[in-house]
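This report concerns only the one structure given below.
Residue numbers start at 1 and run along the sequence shown. Side-chain atoms are counted along with the backbone in the values below, which use heavy atoms only and exclude waters and symmetry mates.
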Amino acid sequence: GAQRALIRESWRRLSGSPVQHGLVLFSRLFDLDPDLLPLFQYNCKQFASPQECLSAPEFLDHVRKVMLVIDAAVSHLENLPCLEEYLCNLGKKHQAIGVKVESFSTVGESLLYMLEKCLGAAFSPDVREAWTKLYGAVVKAMRRGWEP
Ligand code: HEM
């Protein structure tokens with residue numbers, strides 16, 4: 001009901017430039033946990049700095065992919081279970097890449113940071129709570145990729 005409307009309305013406000021907003025999220029993520037940088041390698045090449053990573057075309061594609069997954073969750077608020085299998089597989093891929101499941105908490109913090117920065121006054125405590133719940137549901141499904 002009300003929480004879904006808050007999610008849709010706040011996400012609509014950010015719909016104009018997903019990559020810009022995704023970059024706010026990932027800049028924050030590398031600030032909070034610089035050890036995540038080496039996990040992003042394209043053609044076996046490691047980035048020398050977060051700045052280099054944040055401007056690489058392959059990484060910008062990943063930013064776009066992340067924003068599309070969030071967009072899919074927002075579009076399926078009424079029926080998140082239909083994304084469960086996709087998200088479980090996505091979790092498995094990240095497990096194979098070497099991502100630790102705990103890192104998704106830092107991603108969640110970075111998502112809330114991005115929403116706060118980009119929504120400004122529209123980022124109310126209710127909006128925070130609604131997003132915390134939605135992100136929690138997405139991570140819950142992805143977590144299954146780490147289970148035996
Ligand atoms: C693929 C790393 C978080 C969505 C990948 C790849 C890497 C990676 C290295 C493969 C190369 C590429 O496609 O660019 C990470 C790291 C993360 C993270 C280190 C955080 C610690 C996320 C999150 C989402 C996501 C939060 C979405 C909610 C995707 C998608 C793909 C992908 C959709 C493509 C999968 C495919 O090829 O089928 N990620 N990722 N990633 N990631 Fe992430």
Is there a salt bridge (charged side-chain N to carboxylate O under 4.0 Å, His left out) between Arg13 and Glu9? Walk through the geometry before answering.
CA-CA 7 Å; Arg13 284 172 187 260; Glu9 161 65 13; 3.3 Å; yes
His76 side chain near Cys82 side chain, heavy-atom distance below 4.5 Å
yes
Distance, nearest 0.5 Å, that separates SG of Cys88 from NZ of Lys93:
11.5 Å
Mind checking the CE-CG spacing from Met114 to Leu14? Nearest 0.5 Å is all I need.
5.5 Å
Flag the pair Leu80 / Leu134 as yes when at least one side-chain heavy-atom distance between them is below 4.5 Å, and no otherwise.
yes
Run the ring-centre check on Trp131 versus Phe123 and record whether the distance is less than 6.0 Å.
no
Give the C-alpha distance, both sets of side-chain angles, the deciding distance and a yes or no for side chain to side chain contact (heavy atoms under 4.5 Å, CB included) between Glu116 and Arg128.
CA-CA 8 Å; Glu116 182 169 12; Arg128 164 182 280 269; 4.2 Å; yes
Only one of Asp31, Leu32, Val24 clears side chain to side chain contact (heavy atoms under 4.5 Å, CB included) with Ser110; which?
Leu32
To the closest 0.5 Å, what do you measure between CG (Leu23) and CZ (Arg64)?
9.0 Å
Between Arg28 and Glu109 (salt bridge meaning N to carboxylate O under 4.0 Å), is one present in this structure?
no
Report yes if the distance between the aromatic ring centroids of Phe47 and Phe59 is under 6.0 Å, otherwise no.
no
Determine whether Leu87 and Leu68 fall in the same hydrophobic cluster, where Ile, Leu, Val, Met, Phe, Trp and Tyr are linked whenever their side-chain heavy atoms lie under 4.5 Å apart.
no
Within the side chain of Tyr42, is there an N or O that forms a donor-acceptor pair under 3.5 Å with the backbone of Ala56?
no
For Val101 and Trp146, which heavy atoms make the closest approach, and how far apart are they?
N-NE1, 3.7 Å
Output yes when a side-chain donor or acceptor of Ser17 lies under 3.5 Å from a complementary backbone atom of Gln20, and no otherwise.
no
Gap between atom OG of Ser124 and atom CG of Leu119 - 0.5 Å precision
9.0 Å
Yes or no on side chain to side chain contact (heavy atoms under 4.5 Å, CB included) for Leu77 and Ile7, after CA distance, side-chain angles and deciding distance?
CA-CA 9 Å; Leu77 283 175; Ile7 295 266; 3.9 Å; yes
Where the side chain of Asp33 meets the backbone of Asp35, is there a donor-acceptor pair that is under 3.5 Å apart?
yes
Under-4.0 Å salt bridge between Glu147 and Arg143:
no
What closest approach, in Å, do Ala73 and Val138 show between heavy atoms, and which atom pair accounts for it?
CB-CG2, 3.9 Å
So, do Leu111 and Ile70 sit near enough that their side-chain heavy atoms are less than 4.5 Å apart?
yes
State yes or no: do Val19 and Leu115 share one hydrophobic cluster built from I, L, V, M, F, W and Y residues joined by side-chain heavy-atom distances below 4.5 Å, directly or via other members?
yes
Quick one, Gln51 and Phe30 - any side-chain contact, counting heavy atoms below 4.5 Å?
no
Using 0.5 Å steps for rounding, measure from the OH atom of Tyr113 to the OG atom of Ser27.
8.5 Å
When every non-hydrogen atom of Leu60 is compared with those of Ser55, the smallest separation belongs to CD1-O, 4.2 Å
Looking only at heavy atoms, which two atoms of Pro50 and Leu37 are closest? And how far apart?
N-CD2, 3.7 Å
Would the distance check show the side chain of His94 and the main-chain N or O of Val99 forming a donor-acceptor pair, the cut-off being under 3.5 Å?
no
Side chain proximity check, His62 to Phe26, heavy atoms < 4.5 angstrom:
yes
May I ask whether Val63 and Leu39 are part of the same hydrophobic cluster, defined by side-chain heavy atoms of I, L, V, M, F, W, Y residues being less than 4.5 angstrom apart, directly or through others?
yes
Looking at Glu85 and Arg144, is any side-chain nitrogen of the basic one under 4.0 Å from a carboxylate oxygen of the acidic one?
no
Minimum heavy-atom distance Glu52-Gln46, with the two atoms named:
OE2-O, 4.1 Å
Gln95 side chain near Lys100 side chain, heavy-atom distance below 4.5 Å
no
Checking side chain to side chain contact (heavy atoms under 4.5 Å, CB included) for the pair Trp11/Met67: CA distance, chi angles, key distance, verdict?
CA-CA 10 Å; Trp11 191 245; Met67 298 306 270; 3.6 Å; yes
Would you call Leu112 and Tyr135 a side-chain contact if the rule is heavy atoms closer than 4.5 Å?
no
Validation row: Gln3, Asp126 side chains within 4.5 angstrom (heavy atoms):
no
